[in-house]
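Throughout, a chain's letter reflects where its sequence line sits, starting with A, and its residues are numbered from 1.
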Amino acid sequence: MEGRTGDDATLVDRLRRGDPRAFEDLVIAYQHRVFGVALRMLNNRAEAEELAQEVFLRVHRAIGEFRGEAKLSTWLYAIASRLCLNRLTSGERRMTRQGEETLTRLASSEVGPAEEMERSELETALHRAIAELGEERRIVVVLRDLEGLSYEEIAAALEIELGTVRSRLHRARMDLREKLERFLP
Amino acid sequence: MTCHDAREQFSALVDDALATEERAAVDAHLATCADCRRELQRFRDTVALMRAVAPVRAPAGFVDRVLEAARPAPWPRRLLRSLFLPWPVKLPMEAAAIVLVAVGVALVYRGAPEIQHSALVDSSAPAMRQTAEDTAPQAPAPTPSRETDAMRATRDARALGKAKDQAPAFARAQEAKEAPEPQVGAAPAEKMDKNVAAASPPATPQQPEALSRDAEPQPTPEGRGKKDLKDLQVARKLEAPPAVDTREREMTSQYLRSESAPAPGARADAPVAPRAAPSVTGSSLAFVPPDVSGRLTVSDRDAVLRGVAELVARLGAVETRRVDTPEVQILELTVPREAYAEFVRELARLGRWQPSKEPPELPAQVRVVLQIAR
């Protein structure tokens, strides 16, 4: 995995020193993870790219405010999660929720038409099941099972209690188990 | 532990996030419950499916686009943006528009004395009444006709005025000689005497302005407009009985100013109001600045007026002008130089004579302005 803690510390130092290459390295290191969170949450590639870009621009502007108490990755996830949840709860976004059913087919937009034909029914079902979760549960399960954050990191990123992380994650997984029943052995 | 309690812990159990006691309790239940063991396995499989989801990759060119967006815009674009952003520009432009309009109005107003004069005439009558009441609440309410007559007298004097170049010099001499007296908040009166004005606290906000303008020998068009206003104020104050001293001085100052003001045709043609309080009589309304001016304080004014009339006749003097108000009479006399000394002696017998101007060198015909008051 890119951007391990030691690398993060070096990267943060370089960013603070104004190293012109540091920001580029940061974007290269975290682009897929930030974009992934945005895409899983928003289910729209264009919107996800716009949001991911906004995450990096905010980091670029506010690197001086990063105190280093949390990991750089946690800080990035925190910004991305907050922006996603804000956008999902905004009135403008709610107006477009009607057609989101089709947007859950995010896999189809990631690959070409030919590959889509070969995509397994399971994978489509997985993406759909994730997309159908409520926003608060979805962000927890995305950060945990897709991005691999610890309970503590999720609590820090979302600024919620550990117990809340645990209960939301449990509810999300229970929902997913129901939806994915027929794919389980 | 029930099955429900055990299953509530499955998520944490899968993540190995249970405390030792919790883990032991769940394990104990699972050891005795086949359904829960099966359910736990399904739960693990679900989580495994989630974790097997292929990671998302950012679109090609994403890094370049982010770097481009993060790069500061070229300075011309930043400059243009700072100049044309909506709200920082809107406010200054509105302010600039207001300033431009204000300056334009001021320039037009300054360049057209007729506008100033007409505005003054239109608003003078009610303003006069109100000010008279303000300054002299005990005074009988002045009638508009008397007020406007004072205005007309002033205008007539101005229209027929002569010897313009002598007036500023006279005014300065008057200022230098006049003894300090209590002022009753009358700008024109204070304008007469710079020393008095400087010694006493300013009674009106206009005072400094009046003083500074007074120092200019040639009145500007704007100055003339202000002089009109002051003339009206003088006429107004003539209607206020309590301020006797001030009003007398104002009358004198009115003479001086009206004499010094040029007489444009437009002003001579200005609308003439009905007759007003101070009646102006005399062989001519033309005004020549007096050589001597002063105040005669008397107890019986009518008797003194008769005495002065006799004196005038006896000494071969001529009364050239008279302004009568209920409170003060102003006589303009021409006295032969050789008779002047006796004239003054006789005045001193008639009342308390306080000359405010009396030059050492007298002309053959001494022009005297006499303010007679109680």
Side-chain angles (χ1 to χ4, degrees), chain A residues 23-28 30-40 45-46 48-49 52-57 59-61 106-107 110 122-123 125-127 129-130 141-142 144-148 150-151 162 165-181 183-185, chain B residues 1-23 25-26 29-30 34-74 78 81:
Chain A
F23 181 65
E24 185 177 352
D25 290 347
L26 172 82
V27 178
I28 290 170
Y30 285 97
Q31 58 172 329
H32 303 302
R33 280 181 277 178
V34 171
F35 178 76
V37 170
L39 183 61
R40 302 291 179 196
R45 290 185 69 84
E49 179 173 347
Q53 187 166 310
E54 176 63 20
V55 171
F56 286 112
L57 293 178
V59 169
H60 186 256
R61 287 196 296 265
L106 77 167
E110 289 181 81
L122 170 64
E123 199 165 347
L126 271 171
H127 292 303
I130 294 170
V141 84
V142 165
R144 174 62 190 163
D145 291 335
L146 277 63
E147 301 298 330
S150 69
Y151 283 29
L162 266 178
V165 174
R166 195 160 137 174
S167 65
R168 285 184 185 173
L169 184 60
H170 179 72
R171 299 292 162 219
R173 284 167 168 172
M174 293 292 279
D175 286 349
L176 291 169
R177 199 203 70 79
E178 294 290 325
K179 295 179 190 299
L180 300 172
E181 177 75 48
F183 299 101
L184 297 176
Chain B
M1 176 175 276
T2 64
C3 292
H4 178 267
D5 293 340
R7 292 177 186 185
E8 284 295 302
Q9 306 296 326
F10 280 177
S11 184
L13 182 66
V14 169
D15 288 328
D16 201 17
L18 284 176
T20 310
E21 303 80 35
E22 292 173 322
R23 177 65 187 261
V26 173
H29 177 79
L30 288 172
D35 285 346
C36 284
R37 282 200 301 275
R38 200 178 311 114
E39 186 59 30
L40 176 62
Q41 188 55 49
R42 288 180 173 273
F43 200 91
R44 286 186 191 278
D45 292 341
T46 303
V47 172
L49 283 177
M50 294 296 296
R51 290 179 178 173
V53 170
V56 172
R57 295 191 67 82
F62 176 78
V63 175
D64 291 339
R65 289 192 286 277
V66 171
L67 294 178
E68 178 62 30
R71 195 169 295 133
R78 273 181 288 157
R81 199 180 297 162

Exercise. Between A/Arg61 and chain B, which part of the residue has a heavy atom less than 4.5 Å away: side chain, backbone, both or neither?
Worked result: neither
Exercise. Can you say whether A/Glu54 sits under 4.5 Å from chain B via the side chain, the backbone, both, or neither, judging by heavy atoms?
Worked result: neither
Problem set entry | Largest heavy-atom contact set with chain B, pairs under 4.5 Å, which of A/His60, A/Lys179, A/Arg173 | A/Arg173
Exercise. Which bit of A/Ile130 comes within less than 4.5 Å of chain B, counting heavy atoms only: side chain, backbone, both or neither?
Worked result: side chain
For this session: Using non-hydrogen atoms and a 4.5 Å limit, figure out which bit of B/Glu8 sits close to chain A: side chain, backbone, both or neither.
Result: both
For this session: May I ask you to name which of B/Ala48, B/Ala12, B/Ala52 has the most heavy-atom pairs under 4.5 Å with chain A?
Result: B/Ala12
For this session: Report the residues that fulfil salt bridge (charged side-chain N to carboxylate O under 4.0 Å, His left out) with B/Arg7, sequence neighbours left out, ordered by chain and then residue number.
Result: none
Exercise. Which atoms of A/Leu126 come close to chain B, meaning under 4.5 Å heavy atom to heavy atom: side chain ones, backbone ones, both, or neither?
Worked result: side chain
Exercise. Without hydrogens or angle criteria, can the side chains of B/Gln9 and B/Asp5 be said to hold a donor-acceptor pair below 3.5 Å?
Worked result: no
For this session: Find out whether A/Val59 and A/Val27 are in side-chain contact, i.e. whether some heavy atom of one side chain is under 4.5 Å from a heavy atom of the other.
Result: no
Seminar exercise, completed: Turns out that what part of A/Ala52 lies under 4.5 Å from chain B's heavy atoms comes down to both
Problem set entry | Closest-packed option against chain B by number of heavy-atom pairs under 4.5 Å, given A/Phe23, A/Phe183, A/Tyr151 | A/Tyr151
Exercise. Rounded to the nearest 0.5 Å, how far apart are CD of B/Glu39 and CG of B/Leu30?
Worked result: 11.0 Å
Exercise. Taking the six-membered ring for Trp, are A/His170 and B/Phe43 parallel (under 30°), tilted (30 to 60°) or perpendicular (over 60°)?
Worked result: parallel
Exercise. Which residue out of A/Met174, A/Arg171, A/Gln53 racks up the most heavy-atom pairs below 4.5 Å with chain B?
Worked result: A/Gln53
Seminar exercise, completed: Hits for salt bridge (charged side-chain N to carboxylate O under 4.0 Å, His left out) against B/Arg51, two or more places apart or cross-chain, chain-then-number order -> A/Asp145, B/Asp15
Exercise. Is the backbone of A/Phe35 close enough, under 3.5 Å, to the side chain of B/Arg57 for a donor and an acceptor to pair up by distance?
Worked result: no
